[in-house]
Amino acid sequence: MEIKFYYITNYSSDLCLEYMKHDNINDKFKYVWEKKEDYYLITFKEYKNSMLSLATSPKPTFKVKFENMGNQTGISVQFIKSLFQPVPFVYTKDIDTFWEKKLDAKKFK
């Protein structure tokens with residue numbers, strides 16, 4: 001089973017990409033952002049300002065794609081499964097909170 005999330009923001013895709021390059025005090029996670037050919041990878045390294053920790057857990061990586069929708073941007077986020085990491089080891093609500101705070105994105109169901 002694939003683990004996917006989809007969000008919508010009023011920010012342009014260019015602005016989203018710019019915001020993703022920079023750490024923000026409101027970020028839920030410390031993360032690494034990598035550009036690939038036609039998508040991006042985000043790896044959550046550690047929780048920020050939380051009692052929760054990823055210190056001994058595998059670090060979850062997600063494939064991220066931005067879709068320009070005129071006056072909005074769609075954000076597709078898909079967990080990359082591996083033999084050693086069949087699940088993300090982070091709470092779904094924390095993933096949602098990350099995108100809400102980072103890009104003012106709302107989850108699309």
To check you understand the geometry: which heavy-atom pair defines the closest contact between [X] and [Y], and what is its length?
X	Y	result
Thr73	Ser12	OG1-C, 3.3 Å
Met69	Tyr6	SD-OH, 3.9 Å
Cys16	Tyr11	SG-CB, 3.8 Å
Leu17	Phe66	CD2-CE1, 3.5 Å
Gly74	Ile8	CA-CD1, 4.4 Å
Leu54	Lys45	CB-O, 3.8 Å

Would you say that [X] contacts [Y] through its side chain, given a criterion of any heavy-atom pair below 4.5 Å between the two side chains?
X	Y	value
Asp96	Tyr91	no
Trp99	Val64	yes
Thr92	Lys107	yes
Asp27	Phe44	no

From [X] atom [atom1] to [Y] atom [atom2], the distance as rounded to the nearest 0.5 Å:
X	Y	atom1	atom2	result
Asp94	Lys28	CG	NZ	4.5 Å
Lys63	Lys4	NZ	NZ	8.5 Å
Ile75	Thr9	CD1	OG1	5.5 Å

Is there a side-chain contact (heavy atoms from CB on, under 4.5 Å) between Val32 and Glu34 once you walk through the steps? CA-CA 7 Å; Val32 173; Glu34 302 173 76; 4.0 Å; yes
Could you label the plane-to-plane angle of the Tyr47 and Phe29 rings as parallel, tilted or perpendicular, counting under 30° as parallel and over 60° as perpendicular? tilted
Residues, nucleotides or ligands: over 12 heavy atoms within 6.0 Å of Phe89 CZ: yes
Between Phe108 and Tyr7, does the ring centroid distance fall short of 6.0 Å? no
With the threshold set at 4.0 Å, does a side-chain nitrogen-carboxylate oxygen contact exist between Lys102 and Asp104? no
Any salt bridge linking Lys30 with Asp23? Criterion: basic side-chain nitrogen under 4.0 Å from a carboxylate oxygen. no
All salt bridge (charged side-chain N to carboxylate O under 4.0 Å, His left out) counterparts of Lys101, not counting sequence neighbours: none
Taking Tyr31 as the fixed residue, which of Met20, Lys59, Glu46 is the one that meets the side chain to side chain contact (heavy atoms under 4.5 Å, CB included) rule? Met20
Working note: Ile95 + Phe5, criterion side-chain contact (heavy atoms from CB on, under 4.5 Å); need CA distance, chi angles, decisive distance, verdict. CA-CA 9 Å; Ile95 296 167; Phe5 307 91; 3.8 Å; yes
Quick check with a 6.0 Å cut-off and a 45 degree axis cone: is Lys36 positioned over the face of Tyr39's six-membered ring? no
Full working for side-chain contact (heavy atoms from CB on, under 4.5 Å) between Leu41 and Ile80: CA-CA 9 Å; Leu41 292 179; Ile80 299 176; 3.4 Å; yes
Classify the side-chain pair Ser76/Glu67 by whether it contains a donor and acceptor separated by less than 3.5 Å. no
